[in-house]
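Notes follow once the structure below has been shown.
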Amino acid sequence: MRSSQLFGKTSKTEGRDYKVSSHRLLIQAGFIRESTAGRYYLLPLGLKVHDRIIKIVRRHMDAAGAQELVMPVLHPLDLWKETNRTTTTGFELMKIEDRRGAEFALGGTAEEMAVDLVRKFNISYKDLPFNIYQFSMKFRDEMRARGGLLRVREFVMKDAYSFSTEGQFKEIYQQMRDAYTAIFEELGLKTDIVAADNGYIGGEYCHEFVAESQEGESRYFIDEKSGYGAHEDVAVFHIDEKNTDEPLKPLEEVEAVRGKTMEEGVKLHNLPLWQQTKDVLFFDEATKRYILAVIRGDFDVNETKLMQVADAWDLRAATDQEVIEDLVSMPGFISPVKMVKKGKKSGYPVVIVADKSLRTVHNMYGGANKKHQDLLNITIDRDYQPDIEADIALAQPGMKSPEGGELLEKRGIEVGNIFQLGYHYSNLMHDAEYTDDQGRRQKYYMGCYGIGIGRTLAAIVEAHHDDKGIVWPENIAPYKVCLVRLGDTIGNTKGVVSAADDLYNRLTEAGVSVLYDDRDARPGEKFADADLLGIPYRIVVSEKTVQAGKHELKKRIEADHQSLGAEEIIKALRA
RNA sequence: CGGAGUGUGGCGCAGUUGGUAGCGCGCAGCGUUCGGGACGCUGAGGUCGGCGGUUCAAGUCCGCCCACUCCGACCA
């Protein structure tokens, strides 16, 4: 490809103050261009890289036995209604109508479509297991696009859906896990595999592949000793016993003139923070229930865990007014002890969710549902009965992992994930069944597996760039080598043009992908662009090199070049 | 969706108390240059986000929309 003919330009100035390097570099180097927020033109250079990533993903998916196909982008809305995903929160569906009023969702993920396709074939156990996948445009009505390609509203995703029996599933899940590990390794991305929340996708467990990066939006924990890794939302940790050897004392109500913070309680009673109860009141708009989360004072409530155990969908903090008027309590003094079980005015039920850390402390203290009154020696079961008891605690860096090591906090870009879906979709959708060897109808056991191609591309740039520009790993670079021709407009160096043209033709014939900078531009601009574009190798042909009969070959990441004859250069690059 | 902010040639910006729309980069032409983003001259390019209002007069003041950026709650 000749630079003079390449559509898309680099720019010297950085323009706006881009916060994310990959965002700035991809725009500056002419790989992408923004259309509207979160929607990008993929320019010829960008598409080349995108295609190379797809090729690698496809090769590994095929090797793992998955089969590629393509599904429609417009999904009949009725399918999404079957699984109630038109109403559950998560991403908002983009809806569209045709001229007859038929309703469609712009596909954001395709579990329903996959099930709908498979059930059309009325399969038997002999057909299982199988795994189908596609590369297709996904639409997400994201609240806020961010960081260039890191979070967008339209993107190509590789999404795979496996169908199997429950017994076969484990192996498929492991196969995908292995395939992903190999994919990201080949793409030059170091990823951590972390347990995560299934969210609106459904199912019981899933793992994210996270490329460590400061620009990432995922916060997660790793125990490097044991390899335990988990997203902040689901991370579990070892809870230490506190004073469980202390004898239980009778409940006592005392005057407590204090503010609303935990610290003020600690000061007033001169007791440790961990002995205090932390009572956080939420309201779930989806199910119209108050949810009181009770936890040990030195821990925080993990809302994702809370939502899961309480089966809540749309949690918000309760207002002071609700606390006072509806629940007859007092902000800062809320307590599960003698808590009303129903809103006085609203009639909405109150669900008490207790964290299991409450079992590690005796004689706790906290509010008494009255202004400036506290309770001492609160004891679970005796003084209050939780409706649900579970792990709802938020892990913090430095805590002990369940395997014993220390939890290390990291940030990263979620480039892929694998989900166990189990019977989630086949329970919700009719006829999602196969016939087993006894002739009985059985539900499909499913999994799904996604990789965001554009986000992966951006994550690679995040991991591979320097102050001069992008440094593409060789296997996904848009071109292997950039052939820079210098001094082309000087009348007395005509030999340069023919030497460069000749080398370009021979390299191309040898199967080496070349970006030939034949532009009528000054050397500085050409060098700067070659660096910015991140092409792994650079050849310089100039008056000097033509006279010497040896041109310069240099790697993008190295400072020094080699002087080699044309034949040697071709040999070196052909490999 | 909550908070903050910005909309003026392709990009980045300036525009005073309302009174002829400017600068830098980029682009086109000519000339001089040519190993790390040169310089001179000439030129093209703008319904000032949209609609409405105030005014003799609106980029500037008022109102309502729209779009975008950043920070938070969500995801490949």
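The analysis underlying the following values was restricted to heavy atoms, covering all of them including side chains, and did not include hydrogens, waters or symmetry mates. Each chain gets a letter, A, B and so on, in the order its sequence line appears, and its residues count up from 1.
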Determine the contact category for [X]: base if any of its heavy atoms lies under 4.0 Å from a base atom, sugar-phosphate if only primed atoms, P, OP1 or OP2 are that close, otherwise nothing.
X        : result
A:Gln28  : nothing
A:Ala37  : sugar-phosphate
A:Val484 : nothing
A:Lys158 : nothing
A:Asp159 : nothing
A:Arg33  : sugar-phosphate
A:Thr36  : sugar-phosphate
A:Tyr449 : nothing

In whole angstrom, give me the gap between the [atom1] atoms of [N] and [M].
N     : M     : atom1 : value
B:C23 : B:G36 : C1'   : 28 Å
B:G45 : B:G9  : P     : 15 Å
B:U55 : B:C39 : C1'   : 48 Å
B:C13 : B:G26 : C1'   : 14 Å
B:U20 : B:G31 : C1'   : 34 Å
B:U8  : B:G46 : C1'   : 8 Å
B:C41 : B:U54 : C1'   : 47 Å
B:A14 : B:U33 : P     : 39 Å

Given atom [atom1] of [X] and atom [atom2] of [N], what is their separation to the nearest angstrom?
X        : N     : atom1 : atom2 : result
A:Tyr161 : B:A76 : OH    : P     : 10 Å
A:Arg144 : B:G5  : CZ    : P     : 16 Å
A:Glu414 : B:C74 : CD    : C1'   : 11 Å
A:His207 : B:A76 : NE2   : P     : 15 Å
A:Met307 : B:A73 : CE    : C1'   : 10 Å
A:Lys9   : B:C25 : NZ    : C1'   : 13 Å
A:Lys526 : B:G35 : NZ    : C1'   : 12 Å
A:Arg556 : B:G36 : CZ    : P     : 17 Å

Practice task
Indicate whether OP1 or OP2 belonging to B:C75 is found under 4.0 Å from a side-chain N or O atom of A:Arg151.
Solution key: no
Exercise for the section: May I ask you to verify if any side-chain N or O of A:Lys19 is less than 4.0 angstrom from the OP1 or OP2 atom of B:C71? Expected result: yes
Does [N] pair with anything, Watson-Crick or G-U wobble, both distances under 3.5 Å, and if so, with which nucleotide?
N     : answer
B:G59 : none
B:G2  : B:C71
B:G7  : B:C66
B:C34 : none
B:G26 : none
B:A44 : none
B:A14 : none

Exercise for the section: Look at the side chain of A:Arg538 against the base of B:G36 and say whether a donor-acceptor pair falls under 3.5 Å; ignore hydrogens and angles. Expected result: yes
Exercise for the section: Classify the side chain of A:Glu217 versus the base of B:G72 as yes if they form a donor-acceptor pair under 3.5 Å and no if they do not. Expected result: no
Using a strict cut-off of less than 4.0 Å between a Lys/Arg side-chain nitrogen and an Asp/Glu carboxylate oxygen, indicate whether [X] and [Y] qualify as a salt bridge.
X        : Y        : answer
A:Lys410 : A:Glu212 : yes
A:Arg39  : A:Glu34  : no
A:Asp529 : A:Arg519 : yes

Exercise for the section: Could you pick out which residue, A:Thr545 or A:Val156, lies toward the 5' side of RNA chain B when each is mapped onto its nearest nucleotide? Expected result: A:Thr545
Practice task
Please figure out whether A:Leu149 or A:Lys554 has its closest RNA chain B nucleotide nearer the 5' end.
Solution key: A:Lys554
[X], nearest nucleotide to its side chain (from [options]):
X        : options             : answer
A:Asp531 : B:G35, B:C75, B:G36 : B:G36
A:Ala528 : B:G35, B:C75, B:G37 : B:G37
A:Arg522 : B:C34, B:C75, B:C71 : B:C34

Exercise for the section: Please test A:Lys138 against A:Ser136 for side-chain hydrogen bond (donor to acceptor under 3.5 Å, both in side chains), starting from the C-alpha separation and ending with a verdict. Expected result: CA-CA 6 Å; A:Lys138 296 292 181 287; A:Ser136 76; 2.4 Å; yes
Problem - 4.5 Å side-chain heavy-atom contact, A:Lys278 and A:Phe299 - result: no
Practice task
Assign the ring pair A:Tyr449 / A:Tyr173 to parallel, tilted or perpendicular, where the plane angle (0 to 90°) is split at 30° and 60°.
Solution key: tilted
Practice task
Please work out whether the ring planes of A:Phe283 and A:Tyr290 are parallel, tilted or perpendicular, with thresholds of 30° and 60°.
Solution key: perpendicular
Completion exercise
From the list A:Arg556, A:Gln562, A:Lys555, A:His561, side chain to side chain contact (heavy atoms under 4.5 Å, CB included) partner of A:Glu558 resolves to A:Lys555
Exercise for the section: Quickly, which of A:Tyr40, A:Trp472, A:Tyr41 forms a ring-ring contact (aromatic ring centres under 6.0 Å, His included) with A:Phe31? Name it, please. Expected result: A:Trp472
Practice task
Measure from the ring centre of A:Phe527 to the centre of the six-membered ring in the base of B:G35, then say whether that distance is under 5.5 Å and the planes meet at under 30°.
Solution key: no
